[in-house]
Amino acid sequence: MAVCATHSSLMIASYAASKDLTIPSLFSFANPRAVPNSSNVAALCPPLVLLGGRRRPFPVVVSAVSAEADVDTEDLDENESTSTTTATAVLDPPKPKKGKAALLLKRDRTRSKRFLEIQKLRETKMEYDVKTAISLLKQTANTRFVESVEAHFRLNIDPKYNDQQLRATVSLPKGTGLTVKVAVLAQGEKVDEAKNAGADIVGSDDLIEQIKGGFMDFDKLIASPDMMVKVAGLGKILGPRGLMPNPKAGTVTANIPQAIEEFKKGKVEFRADKTGIVHIPFGKVNFPEEDLLINFLAAVKSVETNKPKGAKGVYWKSAHICSSMGPSIKLNIREMIDFKP
């Protein structure tokens with residue numbers, strides 16, 4: 001059966017093969033009011049004849065007409081004119097954020113309360129002179145242990161090119177505040193020289209075998225030039241830890257006593273990472289400000305002196321100092337380079 005629906009009523013009529021279509025054969029299921037006249041029926045929806053079945057054709061005539069509307073248009077117009085309501089959605093105001101969630105910078109939301117308090121001591125985008133920065137750095141170091149003091153220099157170099165790589169050493173006049181454990185690889189007479197100079201560990205083939213077995217209880221490894229043929233096989237072990245002897249770092253030398261003395265007093269090796277930033281520790285927060293200033297100026301001078309040949313344009317991009325657990329303090333580069341104690 002096919003159905004044709006209108007706005008308010010549905011009229012269904014079946015036509016038998018032996019009977020004609022008449023108005024009384026139209027039935028309304030939706031509206032109990034009088035059926036409209038036949039002319040209206042024909043005008044509104046002409047009959048549709050469908051044949052059902054293959055063997056016994058059964059014509060079904062479906063005609064749908066619209067009867068009187070359930071709601072008169074006049075009444076509807078009156079209701080619209082007299083009462084018009086507009087629905088407005090009222091949204092609740094968002095709840096204000098509290099605690100760390102209310103901080104503007106996303107990185108500050110993961111900081112500790114101690115860090116959030118001490119970073120208020122300095123202006124984020126302000127460039128400080130060296131003396132003021134060191135004094136401010138000592139104020140920000142308020143942990144329960146003695147923090148190290150670090151310098152971070154961003155340079156205009158690209159270390160992926162050989163002529164723009166930076167690796168050198170700096171001897172800090174006031175030391176690093178750390179106890180350095182030195183191991184020496186030597187043979188012959190140099191073994192006795194290393195022991196007399198104060199080396200903590202001295203050995204030859206036996207020490208190489210210990211290192212291959214996982215022994216790493218030292219901070220610096222110094223080797224004599226005649227031992228480098230044997231030390232070359234330790235590259236995969238010592239290289240990732242930064243302990244591989246290298247002439248540029250001063251750890252491959254014939255004058256072993258002098259090298260031991262320098263590293264014991266505070267000689268620091270530094271190199272630029274893949275982003276062109278140099279990280280140099282230059283003391284402890286319990287150092288006097290004058291000692292930190294002398295060590296820092298020595299680090300700046302060493303970075304300037306060992307400028308790579310391939311570096312072009314402005315060499316210094318930015319400079320910061322900080323304690324191990326404190327916020328960074330930005331320095332005025334021009335004042336830093338031209339500073340005279």
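The structure presented is a predicted model; accordingly, all values stated were derived computationally and were not measured.
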Could you go through residues 225-235 and list every donor-acceptor pair under 3.5 Å that involves a side-chain atom there, pairing it with any protein atom two or more places apart or in another chain?
from: Asp226; atom 1: OD1; to: Ser224; atom 2: OG; distance (Å): 2.4
from: Asp226; atom 1: OD2; to: Gln187; atom 2: NE2; distance (Å): 3.2
from: Lys230; atom 1: NZ; to: Asp205; atom 2: OD1; distance (Å): 3.0
from: Lys230; atom 1: NZ; to: Asp205; atom 2: OD2; distance (Å): 3.4

[X] versus [Y], closest heavy-atom pair with distance:
{"X": "Thr251", "Y": "Asn246", "result": "OG1-N, 2.7 Å"}
{"X": "Tyr128", "Y": "Arg122", "result": "OH-CA, 3.5 Å"}
{"X": "Ile321", "Y": "Ala133", "result": "CD1-CB, 3.7 Å"}
{"X": "Phe263", "Y": "Gly250", "result": "CE1-O, 3.8 Å"}
{"X": "Ala194", "Y": "Ile260", "result": "O-CD1, 3.8 Å"}

Got a sec, which pairs hit salt bridge (charged side-chain N to carboxylate O under 4.0 Å, His left out) with one end in [range], sequence neighbours left out?
{"range": "residues 142-155", "result": "none"}
{"range": "residues 305-318", "result": "none"}
{"range": "residues 176-204", "result": "Lys181-Asp217, Asp200-Lys264"}

Subject >> Verdict with supporting geometry, Ile277 and Phe153, side-chain contact (heavy atoms from CB on, under 4.5 Å) >> reply: CA-CA 6 Å; Ile277 300 177; Phe153 305 124; over 6 Å; no
Subject >> Ile294: hydrophobic cluster co-members (side-chain, 4.5 Å) >> reply: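 None; Ile294 is a cluster of one.
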**OP:** Would you check if the side chain of Asp219 reaches a backbone N or O of Val180 as a donor-acceptor pair within less than 3.5 Å?
**Re:**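 Side chain of Asp219 to backbone of Val180, a donor-acceptor pair under 3.5 Å: no, none is there.
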[X]: partners by side-chain hydrogen bond (donor to acceptor under 3.5 Å, both in side chains), with sequence neighbours left out:
{"X": "Lys265", "result": "Glu261"}
{"X": "Ser302", "result": "Asn306"}
{"X": "Lys138", "result": "none"}

**OP:** Taking ring-ring contact (aromatic ring centres under 6.0 Å, His included) as the test, write out the residues that go with Phe282, two or more places apart.
**Re:** Phe296
**OP:** Kindly state each residue pair satisfying side-chain hydrogen bond (donor to acceptor under 3.5 Å, both in side chains) with at least one member in residues 270-280, sequence neighbours excluded.
**Re:**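 For residues 270-280: His152-His279, Asp273-Thr275, Asp273-His279.
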Residues 165-173, side-chain donor-acceptor partners within the protein, below 3.5 Å, at least two apart:
from: Gln165; atom 1: NE2; to: Pro159; atom 2: O; distance (Å): 3.2
from: Arg167; atom 1: NE; to: Glu269; atom 2: OE2; distance (Å): 2.9
from: Arg167; atom 1: NH2; to: Glu269; atom 2: OE2; distance (Å): 2.8

**OP:** Report yes or no: is the cationic atom of Lys284 (NZ for Lys, CZ for Arg) closer than 6.0 Å to the six-membered ring centre of Phe287, at no more than 45° off its axis?
**Re:**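 Lys284 over Phe287 ring: no.
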Side-chain donor/acceptor pairs under 3.5 Å, residues 330-341, sequence neighbours excluded:
from: Asn332; atom 1: OD1; to: Arg334; atom 2: N; distance (Å): 3.2
from: Asn332; atom 1: OD1; to: Glu335; atom 2: N; distance (Å): 3.2
from: Glu335; atom 1: OE1; to: Val130; atom 2: N; distance (Å): 3.3

Original post:
In this structure, which one of Lys120, Arg114, Lys113 forms a salt bridge (charged side-chain N to carboxylate O under 4.0 Å, His left out) with Glu117?
Top reply: Lys120
